[in-house]
Participant: 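Before we start, here is the structure in question, set down as structure tokens.
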Amino acid sequence: THLVEALDDDGLVRDQMMTMLIAGHDTSTAQLAWTLYLLGAHPDWMERVQTEIRETLGSALPTPENTRSLTALDQVMKESLRLYPPIHVGSRLASEDVELMDYTIPAGTRLMYSIYLVQRHPSFWDNPDDFQPERFAGAYQTRVRPFTYLPFGGGPRNCIGGAFAQLEARIALTRMLQVND
């Protein structure tokens with residue numbers, strides 16, 4: 001409704017709706033699929049996450065409040081996003097001329113950067129191809145260098161739906177992994 005009221009161009013409204021549908025649906029689906037795959041491939045983490053959920057929630061339905069303290073699940077979700085970011089490449093326009101090493105990048109040039117490669121770069125991550133959710137535990141997490149973990153982009157133009165997507169994934173995963181006797 002807001003888009004239709006704000007925009008006079010029906011084609012632009014359609015394009016914006018498709019972007020929101022694809023960005024909001026496909027990215028969440030990819031995160032859920034990869035996280036479940038990684039848990040299936042690492043039964044020790046599956047057991048750890050299911051034990052945490054059982055001890056924290058019991059049979060209560062997951063909510064934003066009662067899933068906030070699921071630290072093992074949070075670590076697994078972040079590591080899943082690091083290994084398999086839902087968007088593999090980002091794009092920006094240079095707002096001014098930039099000198100980068102031996103290159104001049106003129107203002108207005110479209111720059112592409114690989115989120116996938118940055119998040120697996122051995123200069124930034126120990127054993128970058130290994131599933132290690134403990135990377136996102138306590139003090140270790142504070143050593144993650146800025147702009148080396150970008151599953152939702154970075155800076156002022158990061159994904160506006162990132163926080164909601166994480167909440168949605170946390171609740172969905174909690175319910176899927178909840179063991180009810």
Participant: Is there a donor in the side chain of Arg54 and an acceptor in the side chain of Thr51, or the other way round, less than 3.5 Å apart?
Facilitator: yes

Participant: Ring pair (Phe, Tyr, Trp, His ring centres under 6.0 Å) for Tyr149 and Phe124? Distances and angles first, verdict last.
Facilitator: CA-CA 9 Å; Tyr149 181 74; Phe124 309 129; over 10 Å; no

Participant: Please determine, by modelled atom types, if Gln50 and Gln178 share a side-chain donor-acceptor pair under 3.5 angstrom.
Facilitator: no

Participant: I'd like to check His121 versus Val118 (side-chain heavy atoms, cut-off strictly below 4.5 Å). Are they in contact?
Facilitator: no

Participant: Is a side-chain donor or acceptor of Thr35 paired with a backbone partner of Leu32 at a separation under 3.5 angstrom?
Facilitator: no

Participant: Enter the distance from Thr67:OG1 to Leu173:CG here, rounded to the nearest 0.5 Å.
Facilitator: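 Output value for this atom pair is 10.5 Å.
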
Participant: Is there a side-chain contact between Leu81 and Pro86, using heavy atoms and a 4.5 Å cut-off?
Facilitator: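 Yes, their side chains come closer than 4.5 Å.
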
Participant: For atom CG of Asp130, decide whether the heavy atoms of other residues, nucleotides or ligands shown that lie under 6.0 angstrom number more than 12.
Facilitator: yes

Participant: Taking all atoms of both residues into account, what is the closest heavy-atom pair of Leu70 and Arg170, and its distance?
Facilitator: O-NH1, 4.3 Å

Participant: Which ring-ring contact (aromatic ring centres under 6.0 Å, His included) pairs, counting each pair once, include a residue from residues 87-110, with sequence neighbours left out?
Facilitator: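 Listed once each, the pairs are His88-Tyr116.
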
Participant: Check for me whether Arg82 meets the cation-pi criterion with Trp125, that is, NZ or CZ under 6.0 Å from the six-membered ring centre and within 45 degrees of the ring axis.
Facilitator: yes

Participant: How long is the straight-line distance from CH2 of Trp45 back to CD of Gln75, given to the nearest 0.5 Å?
Facilitator: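 Those atoms lie 4.5 Å apart.
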
Participant: Is Trp34 reachable from Met176 through a run of hydrophobic residues whose side-chain heavy atoms are each under 4.5 Å from the next?
Facilitator: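 As far as the 4.5 Å side-chain criterion goes, Trp34 and Met176 are connected within one cluster.
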
Participant: Do Glu52 and Thr71 get their side chains close enough for a donor-acceptor pair, meaning under 3.5 Å?
Facilitator: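 Side-chain D/A pair, Glu52 to Thr71: present.
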
